[in-house]
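This report refers to the structure that appears directly beneath it.
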Amino acid sequence: MQGTDYGDEELQKAMAAELRERLKLAEKEKRPLRVYCGYDPTSTDLHLGHTISMRKLRQFQDLGHEVTFLIGNYTALVGDPSDKNKARPILTQEQVAENAKTYAEQAFRVLDKTKTKVRYNSEWLSHLSLVDLIRLGQNFTVQQFLARENFAKRLDKGEPIYLHETFYALMQGYDAAAMNTDIQVGGSDQLFNIIVAGRKLQEALGQKPLVGIITGILPGTDGTQRMSKSTGNIVPINTGADDMFGKLMSVPDSAMGTYMRLVTRFSPHEIAQIETDVAAGVLHPRDAKMKMAKEITSIFYTDEEAVAAQDHFIKMFQQKEIPDEMPEYKLKSGQTVVDVILAANMAESKSKARQLIDQKGVRLDGEVLERGDAVFPHPGVLQVGKRRFLRVK
RNA sequence: GGAGAGAUACCGAAGUGGCCAAACGGGGCAGACUGUAAAUCUGCUGGCUUAUGCCUUCGAUGGUUCGAAUCCAUCUCUCUCCA
């Protein structure tokens, strides 16, 4: 039950007890438990936030249970209202299909491909009739939905709550029933969908209600808001070792603890050690974060790649060396500094390029360039801002 | 069906005839400081030019006016409440 977050001790105890009981039952019946977690393809990239539940799935997988990676291609059409104080924009079937394309492949960075069932919830949701939906709806009251924090808030503010948003929980609950689920994994924002909707529908359909494994929510690179594509604070898992390492280093110190707890393989003891060392001044927070970044990077890439990413980071940012690889540009005669910046796509417009120059953000071989309208002085390494490099030949 | 509110730049939000390329906040970018952290400070944040200029922009289209984001008309879209 490590890394879980039920927000309620009673619930956690109940779930722990049910889990034990379910494990025993499985053993007696000599069958693996059916475990799943659903992922709505609302964007093309899976990110670190998704991997928390994926790693829980992996644990079950390693213990020999049957794990389903469910792609919510049908639920994505509705949009989960759970993490929003606003209605989601509606996605089209085409957008969802496009986003879902590489979801499973990305997931196999964590899950064991040979042991994972990949399913789409359109498989059963698309066949429900209106009557079926009505029957599902009979298990819930409007009050239950209005009591949910995110709906209550919107109601309070006089913001719209669309009827279709209430379908989401029913759909997800039906997923659980359709797969005769023993265990469902999900973030704490899914509490209602899992514990209320899923269990209730299973009972109504004569199944044993599932055990919910509720994980904590990972903040994004800004350290406060939950990691989400729409807030632009994600660490994608397909981003490359160097970039992942760099993004992890930019996470504020205040979020380090959460990151270590939720996405590293460090034991609670190791984490506690790191935290006391940092607090005592024995360990520099930067070094602690590097440790964290290397650990996380090595989960998704090889150890060698993680080490290389760390070296790269140290060289580039601590020792301020220029990167080994960068795009190249062939200088044409008569081009000004601004021309080059624009031609190499290092600024959106001439105005922006001029601004960067005015702000002393443009360097050639380390020398600040003062004039944008001057002819480009000589070939060399052009640096625009902190991160953009160009080898001008 | 009835009553009301609204549509402003990336987002939120002021502006209700000229001083509006449009306050303020957030975000973003750049610089300083640093641990490429956070916090803080400074500047920038439509485009073109480099000058005290021009062009495009305040839901859409027309109109009034020397002059409109601001007034009028029509339209489109959105939300809230009552039934």
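Atom set for the values below is all heavy atoms of this structure, side chains included, hydrogens, waters and symmetry mates excluded. In what follows, chains carry the letters A, B, and so on, assigned in the order in which the sequence lines appear, proteins first and then strands, with residues in each chain numbered from 1.
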Q) Which part of the nucleic acid, if any, lies within reach of A:Lys289 when heavy atoms closer than 4.0 Å are counted: base, sugar-phosphate only, or nothing? A) base
Mind checking A:Ser250 for me? I need base, sugar-phosphate or nothing, with any heavy atom below 4.0 Å counting as a touch.
sugar-phosphate
If pairing means Watson-Crick or G-U wobble with both distances under 3.5 Å, then the partner of B:U80 is B:A3
**Asked** Do the side chain of A:Gln207 and the main chain of A:Ala177 share a donor and acceptor less than 3.5 angstrom apart?
**Response** yes
**OP:** Verify salt bridge (charged side-chain N to carboxylate O under 4.0 Å, His left out) between A:Arg31 and A:Asp182, making sure each step is shown before the conclusion.
**Re:** CA-CA 11 Å; A:Arg31 67 170 180 93; A:Asp182 289 303; 2.8 Å; yes
Base B:G43 paired with A:Gln359 side chain (donor-acceptor, <3.5 Å) | yes
Pick base, sugar-phosphate or nothing for A:Pro285, based on heavy-atom distances below 4.0 Å to the nucleic acid.
-> base
At under 4.0 Å between heavy atoms, what does A:Val362 touch on the DNA or RNA strands: base, sugar-phosphate, or nothing? nothing
pair_partner(B:U70), Watson-Crick or wobble, both distances < 3.5 Å, evaluates to none
_Base of B:G43 paired with side chain of A:Asp358 (donor-acceptor, under 3.5 Å)_ = no
query = Hey, what's the ring geometry for A:Tyr39 with A:His50, parallel, tilted or perpendicular (30° and 60° as the breaks)?
reply = perpendicular
Margin query: What contact category does A:Gly223 fall into here, base, sugar-phosphate, or nothing, at under 4.0 angstrom with non-hydrogen atoms?
Written below: nothing
Ion pair check, A:Arg58 and A:Asp62, cut-off under 4.0 Å: yes
